[in-house]
Amino acid sequence: MKNTTNRRNFLKLGLASVIGITVGKELLVKPAHASDLPHLTEDDPQAKALQYVHQAADSDKHCGNCALIQGNDGDEWRPCAIFPGKAVNTNGWCSAWVKKP
Ligand code: SF4
């Protein structure tokens, strides 16, 4: 009985260690830099659905002053919460535009 309990505890500890190492490695991997992301194209189906363009028609409403833009100010291409895994042009616009507070 004692041997079974010890074996179970050993297996649980081993499994927990494997999970901990796996999750830990994932957390240590640096997030992709904006410059590594492919640029969103205007003919991308999701971009088309949201009428994304690289150059906004209204100079007061563009990706650079949208609340959904991410990354660093000053970068020409930046990540956007609406288009994960792609970078949008800071001069662009789409119909999901929300004024940055
Ligand atoms: S939601 Fe649209 S307007 Fe706002 S940053 Fe993303 S692509 Fe640009």
Side-chain angles (χ1 to χ4, degrees):
M1 185 75 167
K2 181 99 173 154
N3 262 351
T4 307
T5 305
N6 283 343
R7 191 177 311 154
R8 262 193 215 135
N9 286 340
F10 177 76
L11 290 174
K12 283 181 189 173
L13 183 62
L15 181 62
S17 298
V18 169
I19 291 171
I21 290 168
T22 304
V23 172
K25 268 177 71 178
E26 293 297 319
L27 293 175
L28 290 175
V29 173
K30 286 184 175 179
H33 190 268
S35 61
D36 298 334
L37 295 175
H39 294 173
L40 180 67
T41 60
E42 293 179 356
D43 61 352
D44 177 287
Q46 190 180 353
K48 275 184 168 177
L50 293 174
Q51 302 162 10
Y52 171 82
V53 289
H54 292 315
Q55 184 64 53
D58 182 343
S59 62
D60 292 333
K61 295 179 179 177
H62 54 84
C63 296
N65 67 6
C66 175
L68 300 169
I69 195 91
Q70 301 171 333
N72 300 322
D73 284 342
D75 289 349
E76 184 181 2
W77 293 87
R78 297 168 59 183
C80 164
I82 297 294
F83 300 103
K86 303 270 175 69
V88 299
N89 193 298
T90 54
N91 296 317
W93 173 90
C94 85
S95 59
W97 181 87
V98 179
K99 186 175 173 50
K100 194 182 274 186

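For ligands, and for the atoms within them, numbers begin at 1 and follow the listed sequence. Just the heavy atoms: all of them, side chains too, but no hydrogens, waters or symmetry mates, feed the values below.
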Keeping the roles fixed (side chain from Ser95, backbone from Leu50), state whether a donor-acceptor pair exists under 3.5 Å. yes
Relative to the ring of His39, is the ring of Trp77 parallel (under 30°), tilted (30 to 60°) or perpendicular (over 60°)? parallel
Restricting to under 2.8 Å, identify the protein N, O or S atoms around atom 4 (Fe) of ligand 1 as residue plus atom. Cys66 SG
In terms of atom number and element, which parts of ligand 1 are under 4.0 angstrom from non-hydrogen atoms of Phe83? 7 (S)
Test log, rule side-chain contact (heavy atoms from CB on, under 4.5 Å), inputs Ile82 and Gln46: CA-CA 9 Å; Ile82 297 294; Gln46 190 180 353; 4.0 Å; yes
Tell me whether the count of non-hydrogen atoms from other residues, nucleotides or ligands lying under 6.0 Å of NZ in Lys100 goes above 12. yes
Short side-chain to backbone donor-acceptor contact, Trp97 and His62, under 3.5 Å: yes
Between the main-chain N or O of Arg78 and the side-chain N or O of Asp75, is there a donor-acceptor pair closer than 3.5 Å? no
